[in-house]
Amino acid sequence: MKIAFVGKGGSGKTTLSSLFIRHLAATAQPVVAVDADINQHLGAALGLDEAEAAALPALGEHLPLIKDYLRGTNPRIASADTMIKTTPPGEGSRLLRVRGDNPVYDACARPVELDGGAARLMVTGPFTDADLGVSCYHSKTGAVELCLNHLVDGRDEFVVVDMTAGSDSFASGMFTRFDITFLVAEPTQKGVSVYRQYKEYARDFGVVLKVVGNKVQGQDDLDFLRAEVGDDLLVTVGHSDWVRAMEKGRPPRFELLEDVNRRALRLLEIAADATYELRDWERYTQQMVHFHLKNARSWGDARTGADLAAQVDPGFVLDESVTASV
């Protein structure tokens with residue numbers, strides 16, 4: 001299952017995504033965790049110290065390797081240089097799986113040991129002053145989208161992505177790459193503003209959107225969120241001494257997380273599991289192609305000097321039955 005955590009900056013989406021990753025790992029479920037936020041904090045939230053987090057290999061810095069591997073023997077892609085972040089797979093493309101090894105994981109993923117289990121962690125990479133331009137920033141997050149386009153996951157396999165704050169993913173279509181999106185919202189007008197953006201834009205794309213209320217301190221906060229987001233409110237989370245200790249760099253054993261918060265994480269897992277029966281791989285592939293053609297027309301053809309529409313394999317549908325090229 002592909003799961004996104006989104007929300008405004010400071011909403012707590014990284015903290016909640018890290019708790020969900022810990023929850024899945026504690027039950028021995030395979031997890032690929034991806035930090036796609038412009039602020040790279042997921043590694044620290046999963047217990048890495050500053051040096052360990054800084055040493056994580058960056059997806060953006062391995063983009064040539066990623067493109068070359070995923071291209072495989074796909075005859076519709078003339079060269080890896082003509083692949084952009086929205087390039088869809090086709091016959092001959094190599095695919096990624098949650099389980100198993102491949103050169104992309106070898107170069108870009110690192111195991112993170114967690115209480116009772118482990119997760120593979122991949123990061124876009126740290127952002128510097130030189131990365132403040134839009135094209136530089138998108139070239140790094142584009143590696144995440146390209147991997148998601150070529151990733152096949154099954155039931156009881158999880159890909160959890162800590163997304164960039166706000167609604168930046170709308171430009172590329174990455175917001176359609178997930179089975180479910182958990183939008184973390186504080187009980188304030190600013191806290192629900194990103195929800196309104198997501199709800200409006202995602203309406204026509206079949207995006208399953210659920211709100212996780214964070215920093216909820218009482219009935220008034222709960223009533224506010226219910227009035228603002230209605231039935232999209234899945235669960236709320238309040239103060240956590242465990243999280244406070246984790247943020248100080250001294251996390252207790254995960255089994256000591258408060259019962260109310262453990263139940264909240266279980267509700268997230270149940271909601272994610274329920275979307276498996278809603279999967280429509282044909283629609284998923286069509287959406288991939290839709291945004292690829294849109295990007296090709298707006299900038300991709302001019303940047304690569306190629307007709308990127310020709311990369312689309314009209315007979316290809318990405319699903320769990322597809323065998324990856326080797």
Side-chain angles (χ1 to χ4, degrees), residues 2-21 33-46 123-127 131-134 137-138 140-142 144-145 148 160-203 205 207-218 220-240 243-244 246-247 261 264-265 267-268 271-272:
K2 300 184 186 77
I3 299 162
F5 279 81
V6 301
K8 79 174 186 66
S11 64
K13 66 181 180 61
T14 298
T15 297
L16 283 167
S17 62
S18 71
L19 289 176
F20 188 59
I21 292 163
V34 183
D35 191 345
D37 195 355
I38 192 170
N39 298 306
Q40 300 277 277
H41 296 313
L42 184 58
L46 290 173
V123 303
T124 58
F127 288 79
D131 295 321
L132 294 179
V134 172
Y137 165 50
H138 284 171
K140 291 192 172 184
T141 58
V144 177
E145 184 168 2
L148 290 174
V160 180
V161 182
D162 181 19
M163 297 280 282
T164 187
S167 54
D168 187 71
S169 63
F170 292 157
S172 65
M174 191 157 71
F175 72 100
T176 66
R177 301 297 85 203
F178 303 98
D179 293 286
I180 190 167
T181 295
F182 292 130
L183 192 144
V184 182
E186 300 167 85
T188 64
Q189 284 294 336
K190 287 185 179 179
V192 299
S193 62
V194 175
Y195 161 78
R196 296 194 187 98
Q197 288 180 295
Y198 258 82
K199 185 72 172 180
E200 179 64 27
Y201 198 85
R203 190 183 309 276
F205 294 94
V207 172
V208 179
L209 181 67
K210 293 296 180 182
V211 174
V212 181
N214 193 29
K215 305 176 186 177
V216 174
Q217 297 182 4
D220 185 64
D221 286 348
L222 181 58
D223 291 343
F224 173 83
L225 285 172
R226 284 176 173 163
E228 293 293 330
V229 308
D231 292 340
D232 286 338
L233 182 63
L234 176 64
V235 69
T236 62
V237 179
H239 173 79
S240 169
V243 169
R244 180 62 61 88
M246 180 269 288
E247 291 174 339
N261 291 324
L265 296 174
L267 284 175
L268 298 187

Handout entry: Evaluation steps, side-chain contact (heavy atoms from CB on, under 4.5 Å), between Phe224 and Gln189
Key = CA-CA 9 Å; Phe224 173 83; Gln189 284 294 336; 3.8 Å; yes
Would you name the heavy atoms of [X] and [Y] that are closest together and state the gap between them?
| X | Y | result |
| --- | --- | --- |
| Val211 | Ala185 | CG1-CB, 4.1 Å |
| Val123 | Gln40 | CB-OE1, 3.3 Å |
| Thr124 | Ala36 | CG2-CA, 3.6 Å |
| Asp37 | Thr164 | OD1-CA, 3.4 Å |
| Met174 | Val144 | SD-CG1, 4.1 Å |
| Thr14 | Ala45 | CG2-CB, 4.2 Å |

Keeping the roles fixed (side chain from [X], backbone from [Y]), state whether a donor-acceptor pair exists under 3.5 Å.
| X | Y | value |
| --- | --- | --- |
| Asn214 | Ser11 | yes |
| Lys13 | Met163 | yes |
| Asn261 | Val237 | no |
| Asp35 | Leu42 | yes |

At what distance, to the nearest 0.5 angstrom, does [atom1] of [X] lie from [atom2] of [Y]?
| X | Y | atom1 | atom2 | value |
| --- | --- | --- | --- | --- |
| Leu268 | Lys210 | CG | NZ | 11.5 Å |
| Asp232 | Thr181 | CG | OG1 | 11.5 Å |
| Asp231 | Arg226 | CG | CZ | 10.5 Å |
| Glu247 | Ser240 | CD | OG | 8.5 Å |
| Leu183 | Leu16 | CG | CG | 11.0 Å |

Exercise for the section: Let me know which of Leu233, Leu209, Leu225 forms a side chain to side chain contact (heavy atoms under 4.5 Å, CB included) with Tyr195. Expected result: Leu209
Practice task
Answer yes or no: does atom CZ of Arg244 have more than 12 heavy-atom neighbours from other residues, nucleotides or ligands under 6.0 Å?
Solution key: no
Measure the shortest side-chain to side-chain distance between [X] and [Y] over non-hydrogen atoms and say whether it is less than 4.5 angstrom.
| X | Y | result |
| --- | --- | --- |
| Met246 | Thr15 | yes |
| Phe182 | Leu234 | yes |
| Phe178 | Leu148 | yes |

Exercise for the section: Determine the interplanar angle of the Phe20 and Phe5 rings, folded into 0 to 90°, and report it as parallel if under 30°, tilted if 30 to 60°, perpendicular if over 60°. Expected result: tilted
